[in-house]
Amino acid sequence: MTGELDFLWRAALAALAVALIAGPLGCFVVWRRMAYFGDALAHASILGLALGFMLKIDLMAGVLAGGILFAVLLFALEKQKRLQSDTLLGILAHGSLAFGLCALALAPALNVDLQSLLFGDVLAVTTGDILWAWGGGVVVLAGLAILWRPLLSMTTHAELARVEGIAVERTRLLFLILMALTVAVAMKVLGVLLITALLVIPPASARPFARSPEQMAVIASAIGSASVLAGLYASLMIDLPAGPAIVAAATLFFAASMAFKRS
């Protein structure tokens, strides 16, 4: 029986790594109103997937490269000041998605399940996937720990942070790259199209219970972890797709948090 459930332990280990990253990173996504950026980054990752297929390199490396390219391109275009950020995001997101789908259509016969990359297949993760998730997670958390104070200052008042000597542009670019790495880490667990949910829903659920930014980050990670375990349990007991079940569990936690009123 234990051997039969090994896949479940592997799934839980990989998904918990994603939840621990998504909690604190997602807090900044919520505070800085960047939920649409997460979706746009996920769309751009499709192009990274296509490049991975066509260049015959590791798909996660392709997603990471696509995400970083997207972040750097958006960062550069925003400096032009010709278009608003949401317009640039819309153009880049849908343009990269279209190019990615066209590239996949032109790619030679695919030997992987594309749907599992879009929506995740956490029950099929391997030991290598777990090592990638935890290794990438450590890098993201270490980077976020270094950037935590500058990011908080920028979120509160960007101009004041600049006056205080914070390298605002560089910090923002590094944060975007951390987001790209998180999408690459989460690809096998939730897929590139569902990761935004784990970046947004647990932090939004944690908000009523937190009295400081650090508390909100910890509570968001805890809610994300609980969502992962509840989703995997539901997937095992009533045969649901694991990725969507995890997101559904997170949404139920959010609904419950709406009933809480802080004194």
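Since the structure is predicted, the reported quantities are computational estimates derived from the model, not experimental observations.
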Q) Which atoms form the tightest heavy-atom contact between A206 and A220, and what is the distance? A) CB-N, 3.6 Å

Q.
For R170, give me all partners under salt bridge (Lys or Arg N to Asp or Glu O under 4.0 Å), at least two apart in sequence or on another chain.
A. none

**Q.** E159 vs R162, salt bridge (Lys or Arg N to Asp or Glu O under 4.0 Å): CA-CA, chis, key distance, verdict
**A.** CA-CA 5 Å; E159 291 305 317; R162 201 187 305 272; 3.7 Å; yes

Q: Can you run down the side chain to side chain donor-acceptor pair (under 3.5 Å) pairs that involve residues 213-232, sequence neighbours left out, and say none if there aren't any?
A: W148-E214, R149-E214

Q: Give a yes or no on whether M237 and V228 share a hydrophobic cluster (residues Ile, Leu, Val, Met, Phe, Trp, Tyr; joining criterion: side-chain heavy atoms under 4.5 Å apart).
A: no

Q: Indicate, with yes or no, if L232 and L240 share a hydrophobic cluster defined by side-chain heavy-atom contacts under 4.5 Å among Ile, Leu, Val, Met, Phe, Trp and Tyr.
A: no

Q. Hey, quick one: are V218 and M216 part of the same hydrophobic cluster, counting side-chain heavy atoms closer than 4.5 Å, chains of contacts allowed?
A. no

Q: Work out which heavy atom in W132 is nearest to a heavy atom in V185; give both atom names and the distance.
A: NE1-CA, 3.6 Å

**Q.** Within-4.5 Å side-chain heavy-atom neighbours: T155 and F28
**A.** yes

Q. When clusters are formed by joining ILVMFWY residues with side-chain heavy atoms under 4.5 Å apart, either directly or through shared neighbours, do M179 and L88 land in the same one?
A. yes

Q: First locate atom CG of L173, then atom CG of L178, and finally report the distance between them rounded to the nearest 0.5 Å.
A: 10.0 Å

Q) What are the two closest non-hydrogen atoms of T126 and R10, and how far apart are they? A) C-CD, 4.4 Å

Q) With L181, which of V63, I21, V139, L25 fulfils side chain to side chain contact (heavy atoms under 4.5 Å, CB included)? A) V139

Q) Quick one: OG1 on T171 to CG on L176, what's the gap to the nearest 0.5 Å? A) 11.0 Å

Q) Same cluster or not: are M34 and L174 linked, directly or through other Ile, Leu, Val, Met, Phe, Trp or Tyr residues, by side-chain heavy atoms under 4.5 angstrom apart? A) yes

Q. Counting heavy atoms not belonging to F99, are there more than 12 under 6.0 Å from its CZ?
A. no

Q. Are any of the side-chain heavy atoms of L198 and V247 separated by less than 4.5 Å?
A. no

**Q.** From L147 atom CG to L152 atom CG, the distance as rounded to the nearest 0.5 Å
**A.** 11.0 Å

Q: Give, for atom CG of L64 and atom OG1 of T182, the distance between the pair rounded to the nearest 0.5 Å.
A: 10.0 Å

Q: State, to 0.1 Å, how close W134 and L20 come at their nearest heavy-atom pair, and which atoms those are.
A: CH2-CD1, 3.7 Å

(Q) One pair to check against side chain to side chain contact (heavy atoms under 4.5 Å, CB included): L92 and L77. What are the steps and the verdict? (A) CA-CA 10 Å; L92 291 179; L77 289 176; 4.1 Å; yes

(Q) So which atom in P203 and which in C27 form the shortest heavy-atom distance, rounded to 0.1 Å? (A) CG-N, 3.7 Å

Q) Say you draw a straight line from CD1 of I130 to CH2 of W9; how long is it, rounded to the nearest 0.5 Å? A) 12.0 Å

**Q.** Nearest heavy atoms of P24 and L144, plus distance in Å
**A.** CB-CD2, 3.6 Å

Q.
Could you check whether any side-chain heavy atom of L151 comes within less than 4.5 Å of a side-chain heavy atom of W31, counting everything from C-beta outward?
A. no

(Q) Rounded at 0.5 Å granularity, tell me how far CG in L229 sits from CG in L16. (A) 5.0 Å

Q: Return yes if some donor-acceptor pair links the side-chain N/O of S235 with the main-chain N/O of P241 below 3.5 Å, else return no.
A: no

Q: For residues H157 and V163, determine if any side-chain heavy atom of one lies less than 4.5 Å from a side-chain heavy atom of the other.
A: no

